[in-house]
There are 4 protein chains.
Amino acid sequence: MKLQEQERRGRGRPRSDQARRAILRAARELIRENGLAALTMEGIAAKAGVGKPTVYRWWPDRHAVAMAALMEDGPSESGPTLGEGRIPRRRLSTIQSLEQHLKKVIEVFAQPVGRTVARMIAAADDDSELSKAFRNHFIVARREEGRALLLRAIELGEIRADLDVETALDMIYGALFFRLLLGHAPLNEALARQIVSEALRGMRL
Amino acid sequence: MKLQEQERRGRGRPRSDQARRAILRAARELIRENGLAALTMEGIAAKAGVGKPTVYRWWPDRHAVAMAALMEDGPSESGPTLGEGRIPRRRLSTIQSLEQHLKKVIEVFAQPVGRTVARMIAAADDDSELSKAFRNHFIVARREEGRALLLRAIELGEIRADLDVETALDMIYGALFFRLLLGHAPLNEALARQIVSEALRGMRL
Amino acid sequence: MKLQEQERRGRGRPRSDQARRAILRAARELIRENGLAALTMEGIAAKAGVGKPTVYRWWPDRHAVAMAALMEDGPSESGPTLGEGRIPRRRLSTIQSLEQHLKKVIEVFAQPVGRTVARMIAAADDDSELSKAFRNHFIVARREEGRALLLRAIELGEIRADLDVETALDMIYGALFFRLLLGHAPLNEALARQIVSEALRGMRL
Amino acid sequence: MKLQEQERRGRGRPRSDQARRAILRAARELIRENGLAALTMEGIAAKAGVGKPTVYRWWPDRHAVAMAALMEDGPSESGPTLGEGRIPRRRLSTIQSLEQHLKKVIEVFAQPVGRTVARMIAAADDDSELSKAFRNHFIVARREEGRALLLRAIELGEIRADLDVETALDMIYGALFFRLLLGHAPLNEALARQIVSEALRGMRL
DNA sequence: GGATAATCGAGACGGTACGTCGCGTCTTCAT
DNA sequence: ATGAAGACGCGACGTACCGTCTCGATTATCC
């Protein structure tokens, strides 16, 4: 990261970070107001009080601006649910922590912006760096939290050691994603409990 | 219902089903050739040898045409995997049948059109009848097959009777969907086995 | 004429003169309401409660319908201003009659429909029978009245006998037409007097 | 006025006069090739190698483009027929000059483009600035030449001083217009002589 | 009186052009 | 020499009418 920034240094006057922030702020508000489909580069530039070429200088298309905008203040990190000293403090088992974690994830993604984020991830048909970063920011990071919990649970002997962790994670987070995008059943906190409960029976020693 | 239909009949030139089919055929080919993003109403009309208003007379936007087109000859039904007489013939347990079924689903959705279908489902942010029909056609119908298999398995005593079938189904199919849309891991036949295997341990008596 | 009508007779359902009248009536009202430019075949058919093909069966395009409609109840004939017994009765000289005649013509064409008629005549770039009939109905017929008056004036020795009647008529009616279409000066009754006055000095013995 | 112009300057890319000229040129050629009725905004834009919005940025509709196009190189000015030193040189009386002038006007308007121009003037039912400019360019300017000639003739004692010049001008030019638009009689050079001759008898001392 | 046939209202059809919107690029001026 | 402003070429949008056609229903003449 730092290397990239340093590479950029030296050539000409640095770009106005103020313009960049105005653009992202405008994009964010427009998405909230009218949804992703109604987001246009022209609208962003106009709302940000910025020329269109300035927007294009930073991002190649509206999708990229939207991703950047949502990553800046989208659903916030769910926080350090896995603090070393935290679990003992609350006397939560690792599995209970997983359920708590899933509840938070559900809470975030059940909101309008969360749904937008999920749709953007699903709809993206490219493999640009930004797309990867976006997926990583919103999904993979959470899945990593889940993985850490599962590994810790194995370590602690709460679940069986020969668990296929990757598949288990896809089943857990996939169930959330599936309900969110399909809409065939509610995406509420009860789901967290149900998922953990069902998964647990398969993961028990 | 009948009254409405009767009211509608008899007046004016009837809609040309030939035009309808030509439109869907053109849309299908265009999607296969250039992908969903490059699909335009104008292109569809031109390729179908049809006026633009005729396309709009049938469907409100390109998304709807695409859905209708893919539903007409998208990934075909995976077939009657649960025929009464079939399972004994092949000597497959219900759970083995589920794995076979998942393999077929994966096979279909791993193909380009399958990915397109999945993205369309995920990206749809409306609840129109067509959207529901599309989801039903491609996802819900398969999930129903899965449910039938699980219920049969319960009946036959292959898995525990107090299983939360809905959650289990969301975990199974969600895992597929998740991998397909996130692309963080391959969507291959091995996944079917892994999913069933992991899920099974939780579903055993 | 009768032969043509007899030739037309046949087996099928005869054309509905009621439909014809409804079409012309609708066209007339639409012209009055929104002007000629806003007149459409669809609008006419809808307003007349008639199918489009029925309109096309009678007239080839909207211009033709408009002409037919305006000819049916456009500016009415200015009446028999040249009745043999009428002039003596009113003790008007032929030239005074000409002025009266021009006043009536001006009165008609100064109205909105009159302006529409004039524009239609000017804008027509075809030489169809209907166009000729239209010009004849609204312009030539009046010019003929003028010619009759001039010829009579010559006969009576009110103006010189070697007058170029055709040119004189074009100058008289052309002046009206010119003001109407150019709009550079008012088209009012005073003009009738001015035209006759100026023309007369050139037409006197 | 100057303030408005100054306000407008400096911001943004200036309008391309090259595009403007290409549009007018294309419109002119299309009118000559297929006539006014076949002129479309789309055709103009395509032929000019310009986007449709650019055409609309300059003119509101096809009529306006046509007017602007014809004004740029329509029938050229008939030239300084009333040069101070010219009349004596050619030993033409003012009235003879008027006849010459009318011949030139006739020559121009008897050509296809001249007829188109006349029809456009007649058909225009608005009072936009452009319509006025168009009428002024093609008709009023010539009528002004005629007025100058008549006024000079009065000055020189060639015609009577109490002539109603405006009415006389309308009769003279109206006769041309009338024949052009009605087409009931030829619009040729003989007409110039006839008009002047007939008008003169009324204008003589 | 039944068959035949042209017309009727209705409205979908293949088209053309409309006028607008947004794209991504460019050109100019002010800072 | 950057950045806002905004025009540019382009292409698709969704709509309005065009003039034609295909329906079922109606209304006349002819056999």
Side-chain angles (χ1 to χ4, degrees), chain A residues 11-16 18-19 22 38-46 48-57 60-62, chain B residues 8-20 22 38-46 48-58 60-62, chain C residues 8-16 18-19 22 38-46 48-58 60-62, chain D residues 8-20 22 38-46 48-58 60-62:
Chain A
R11 298 273 186 97
R13 171 180 163 184
R15 293 179 191 164
S16 160
Q18 189 182 333
L39 188 70
T40 67
M41 290 300 241
E42 295 206 333
I44 293 166
V50 143
K52 274 200 289 175
T54 302
V55 185
Y56 282 103
R57 217 167 278 128
D61 53 46
R62 99 190 85 176
Chain B
R8 203 186 272 260
R9 294 201 49 230
R11 302 266 241 234
R13 177 177 176 172
R15 289 209 195 163
S16 161
D17 197 62
Q18 188 182 332
R20 188 184 158 277
L39 188 69
T40 67
M41 290 299 245
E42 225 152 42
I44 294 166
V50 146
K52 265 198 293 178
T54 300
V55 185
Y56 283 102
R57 217 169 275 128
W58 287 92
D61 51 47
R62 104 194 76 179
Chain C
R8 192 93 71 78
R9 289 266 175 80
R11 308 243 283 168
R13 175 178 176 173
R15 287 200 198 166
S16 161
Q18 188 182 333
L39 188 70
T40 67
M41 290 300 242
E42 280 192 339
I44 293 166
V50 144
K52 274 199 290 176
T54 302
V55 185
Y56 282 102
R57 215 168 276 126
W58 287 92
D61 52 46
R62 99 192 83 177
Chain D
R8 204 187 273 258
R9 295 201 46 230
R11 302 266 241 235
R13 178 177 176 173
R15 290 209 195 160
S16 161
D17 197 62
Q18 189 181 332
R20 188 183 159 277
L39 188 69
T40 67
M41 291 299 244
E42 225 152 43
I44 293 166
V50 144
K52 266 199 291 178
T54 301
V55 185
Y56 282 103
R57 217 170 275 128
W58 287 93
D61 53 46
R62 102 193 78 180

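In the text below, chain A, chain B and the rest are named by the order of the sequence lines, each starting its count at 1.
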For nucleotides 18-25 of chain E, read 5' to 3', which letter fits each nucleotide if B means a protein heavy atom sits under 4.0 Å from the base, S means only the sugar-phosphate is that close, and - means neither?
BBBBBBBB
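Here the side chain of D/W58 is nearest to one of F/dC23, E/dC13, F/dC8, namely F/dC8.
If you take CD1 of B/I44 and P of E/dG14, they are 14 Å apart, rounded to a whole angstrom. Regarding B/R20, its CZ atom lies at a distance of 19 Å from the C1' atom of E/dG14, rounded to whole Å. Atom CG in D/D17 sits roughly 15 Å away from atom P in F/dA7 (whole-Å rounding). When rounded to the nearest whole Å, the span between CD of C/Q18 and C1' of F/dA28 equals 15 Å.
Checking side-chain atoms of B/R15 against main-chain N and O of B/R57 turns up a donor-acceptor pair under 3.5 Å.
Taking the side chain to side chain donor-acceptor pair (under 3.5 Å) definition, one finds that B/R62 meets it with nothing, sequence neighbours left out. For B/A19, the side-chain contact (heavy atoms from CB on, under 4.5 Å) partners two or more places apart in sequence, or in a different chain, are B/S16, B/V50, B/T54.
Of all heavy-atom pairs spanning B/A48 and B/A22, the tightest one is CB-O, 3.5 Å. Here the closest non-hydrogen pair linking B/G51 and B/A45 is C-CB, 4.1 Å. Minimum heavy-atom separation, A/E42 to A/K52: OE2-NZ, 2.8 Å.
Contact check, C/T54 against E/dG9: a side-chain N or O comes under 4.0 Å of OP1 or OP2. In terms of phosphate contacts, D/S16 brings no side-chain nitrogen or oxygen within less than 4.0 Å of OP1 or OP2 of F/dA7.
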